[in-house]
Trainee: 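So that we are looking at the same thing, I have put the structure below in structure tokens.
These figures come from a predicted structure and were not determined experimentally. Note: hydrogens, waters and symmetry copies are ignored here, and every other heavy atom, side chains too, is used.
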Amino acid sequence: MLASQYYIRTLREAPAEAEIASHRLLLRGGFIRPVGAGIFNWLPMGLRVLQRVEQVIREEMNAAGAHEVLMPVLHPRELWERSGRWDTFAPTPLRVIDRAEREFCLGPTHEEVVTDLVAMDLDSYREIPATLYQIQVKFRDELRPRAGLIRCKEFIMKDAYSFDRDREGLDRSYDAMFDAYVRIFERLNLPVVTVEAEAGSIGGTDTREFMLLSENGEDTVYMCDSCDYASNSECATSRAPQPIEPAAASTRELVDTPDAKTVEQVTAMLGVTPDRLVKTLLFRSDEGFIAALVRGDRALNDFKLARNVQGEELRMANDAEVRELTGARVGFAGPVGLPDDVRIIADHEVSALSDFVTGANQDDAHFVNVNLGADFEVDDWADLREACHGDACAHCATGTLEAHRCIELAHVFKLGTKYSSAMDATFRDAEGTESPCIMGCYGIGVSRIVAALVEQYHDDSGIMWPREAAPFDATILLLSPDDDELRAIADNLYSDLGDRGIEVLYDERDASPGVKFAEADLIGCPVRVVVGRTTRNEGKVELRRRADGHDELASLEDAVDAVLRLLESR
RNA sequence: CGGGGCGUGGCGCAGUUUGGCAGCGCGUUUGACUGGGGGUCAAAAGGUCGCCGGUUCAAAUCCGGCCGCCCCGACCA
């Protein structure tokens, strides 16, 4: 590609809206342009990167035996009614209405569509296993788009869906996808870690996420420093402490805590640390009211609570319900003297406390010196709290959990029959018995990978693309475009590299050397070839590897091979 | 949705407190010079100051409403 003919739109200064490196550099380098919050144009250079990432994914998916399809963006409401997700999927799908007032959503994911597709086409066990995938735009009505390409309202995703006869088949399909993902991230030079995760609105079990550790990520993972346990903070567990014998040495006492509704206010007023307080959180579920107890310095994990509760519904009690249950306004709930039908579930850590503080179930008052047994009974013990950095690992004897920020790049799920049952995706086995397919689903955030690559590979002057994702393999800078001899050398090199399958951005523009160097660094092709002074004086071209600044000289005859070698070297 | 910040030529910003000619740097265009890290000189183009309304002799500036963008948080009592 001749730079003079190409659509290169770099910015000398980053737009003020961009804070993180990937957002800033993708804008500056002329890869993307904003349209609205979480909505972007892909410029020619950015599209090349996106397409190369897609190509890596496509090759590995095909190699794993998956078949590419393309499904629609527009999903009829009826389809989502059948899976029951029209009203429950979070984040809420973007909805649209046509002139006949038929309702649709813009697909946030494609379980419904693909399962319906397969339901129509699939009849016999002879036709499965089958895995279908697509690379397509997805829409999600995010609470808040942020961080450039990392969280968008509209983004590119590769989603795959497997259909099997039985659990063993699902395991094989799942493993095949898992292995393909490992190869994809290897080829893209992204050192991901896989972690346990929550299935969320997709559903299913055995879900794992592929995470890139990065300060600018929005997720947190906990990794054990001793064993190989790694989990999203959503479901990370830590080792429960040893319960202590209830001492009951002290007697419960009522103290005035006017207007002290938060843990912070109560502990400040009473002069105790938050780990001496037990927080009582009231929930409403299908089975009735639930009081969840965690230590004052801990955060309750709602996924964990939900796992210990029957039924679908689980929400915080509202102000009126709190008053009905406790006789007090929000902020003064405690386990002592709650109605008998309120089920008390406590986090294991509470069992190691004595003489603690709780709400008194009356306005502006708390209890001190509360003790298990003496003052109240716990119905069920469970792991309810968010894990914390430094917690003891629950999976080995000696390890400690370490918190890391990360970017979620992919997520794989074993779905089972959730969708195949709902959408009638059934097959007949050899005996003629009809059963629903056993499904798995596998997603990769393609556009998010582009951002992740920049987060992982950049320096102060620009991007350092790994070869498989780079917009061009190499760039040639012709520093003296008016010098016919040098121009002929650069022209030849450009064409020779092209003949060898190397995609080159050839900067033959009438611009100053400084501009060309700065722009080449910003755009970040893996190898830079300079034709200039050294070529005129010594008959050699200069090669530099963008990733590490490695420099070398090559004679004109060796130049093409040298470029190839540098491309292969990392 | 709650909180905070911002909105002024393409980009980055000053000017708003205290109303009085709409400015600076970069980029762009033209010409000359230059030619190894966003070069120099000269000239030029480019703005309904986010939108609507109000106050005023006069509004980028004050008041009201709305819109957009960015950041933090979002049932944790």
Trainee: Scan A:Val563, A:Leu478, A:Val560, A:Asp507 and name whichever one has a side chain to side chain contact (heavy atoms under 4.5 Å, CB included) with A:Val529.
Mentor: A:Val563
Trainee: Between A:Ala14 and A:Val531, which has a closest nucleotide on RNA chain B that is more 5'?
Mentor: A:Ala14
Trainee: With C1' as the reference atom in both, quote the distance from B:G2 to B:U48 in angstrom, rounded to an integer.
Mentor: 34 Å
Trainee: Toward the 5' end of RNA chain B, which comes first, A:His366 or A:Pro513, by nearest nucleotide?
Mentor: A:Pro513
Trainee: Any ion pair linking A:Asp473 and A:Arg467 (charged N to carboxylate O, less than 4.0 Å)?
Mentor: yes
Trainee: Rounded to whole angstroms, how far apart are CG on A:Leu149 and C1' on B:C70?
Mentor: 16 Å
Trainee: Quick check for you: among B:C11, B:C70, B:G39, whose closest atom lies nearest to any side-chain atom of A:Ser512?
Mentor: B:G39
Trainee: Taking atom CD of A:Glu552 as the centre, report whether more than 12 heavy atoms of other residues, nucleotides or ligands fall under 6.0 Å from it.
Mentor: yes
Trainee: When rounded to the nearest Å, what value does the distance between C1' atoms of B:G12 and B:G7 take?
Mentor: 14 Å
Trainee: Pairing check on B:G7: which nucleotide meets the Watson-Crick or G-U wobble criteria with it, both distances under 3.5 Å?
Mentor: B:C67
Trainee: Measure the distance from CD1 on A:Ile8 to P on B:G27 and round it to the nearest whole Å.
Mentor: 17 Å
Trainee: Looking at A:Arg144, I'd like to know whether one of its side-chain N or O atoms comes within less than 4.0 Å of OP1 or OP2 on B:C72.
Mentor: yes
Trainee: Tell me if the side-chain of A:Arg509 makes a donor-acceptor pair with the base of B:G35, cut-off 3.5 Å, by modelled atom types.
Mentor: no
Trainee: Tell me: CD of A:Glu13 to P of B:C13, nearest whole Å?
Mentor: 8 Å
Trainee: Mind checking the P distance from B:G15 to B:G20? Whole angstroms is fine.
Mentor: 13 Å
Trainee: May I ask which nucleotide in the shown strands pairs with B:C62, Watson-Crick or G-U wobble, both distances under 3.5 Å?
Mentor: B:G54
Trainee: What nucleotide among B:A74, B:G35, B:C76 has an atom nearest to a side-chain atom of A:Leu281?
Mentor: B:C76
Trainee: Report yes if at least one side-chain N or O of A:Arg146 is closer than 4.0 Å to OP1 or OP2 of B:C70; otherwise report no.
Mentor: no
Trainee: Can a donor-acceptor pair under 3.5 Å be found between the side-chain atoms of A:Asn301 and the base atoms of B:C76?
Mentor: no
Trainee: Honestly, is A:Arg276 close enough over A:Phe356, meaning NZ or CZ under 6.0 Å from the six-membered ring centre and within 45° of the axis?
Mentor: no
Trainee: The side chain of A:Ala37 is closest to which nucleotide in this list: B:C76, B:G35, B:C69?
Mentor: B:C69
Trainee: Both distances below 3.5 Å, Watson-Crick or wobble geometry, any strand: find the nucleotide opposite B:G36.
Mentor: none
Trainee: Within this structure, what is the CD-to-P distance between A:Glu519 and B:G27, rounded to whole angstrom?
Mentor: 12 Å
Trainee: Could you check whether A:Arg544 gets within reach of a base, just the sugar-phosphate, or nothing at all, counting any heavy atom under 4.0 Å?
Mentor: base
Trainee: Take atom CD of A:Glu253 as the centre, draw a 6.0 Å sphere, and report whether it contains more than 12 heavy atoms from other residues, nucleotides or ligands.
Mentor: no
Trainee: Decide, yes or no, whether a salt bridge links A:Arg487 with A:Asp484 under the criterion of side-chain N to carboxylate O below 4.0 Å.
Mentor: no
Trainee: Can you tell me how far P of B:G37 sits from CG of A:Leu479, to the nearest Å?
Mentor: 9 Å
Trainee: Between B:C70 and B:G50, how far apart are the C1' atoms? Round to whole Å, please.
Mentor: 15 Å
Trainee: Separation of A:Asp482 atom CG from B:C33 atom C1', in whole Å?
Mentor: 13 Å
Trainee: Whole angstroms only, please: what is the CZ-C1' distance between A:Arg24 and B:C70?
Mentor: 14 Å
Trainee: What is the pairing partner of B:G31, taking Watson-Crick or G-U wobble pairs with both distances under 3.5 Å in any strand?
Mentor: B:C41
Trainee: A:Ile523 and side chain to side chain contact (heavy atoms under 4.5 Å, CB included): which partner among A:Leu25, A:Ile8, A:Ile463?
Mentor: A:Ile8
Trainee: Mind checking who B:G47 pairs with, Watson-Crick or G-U wobble, both distances under 3.5 Å?
Mentor: none
Trainee: Could you identify the nucleotide paired to B:U16, looking across every strand shown and requiring Watson-Crick or G-U wobble geometry with both distances under 3.5 Å?
Mentor: none
Trainee: Look at all strands and tell whether A:Ser461 reaches a base, only sugar-phosphate, or nothing, counting heavy atoms closer than 4.0 Å.
Mentor: nothing
Trainee: Whole-Å distance between B:A32 C1' and A:Asp510 CG?
Mentor: 13 Å
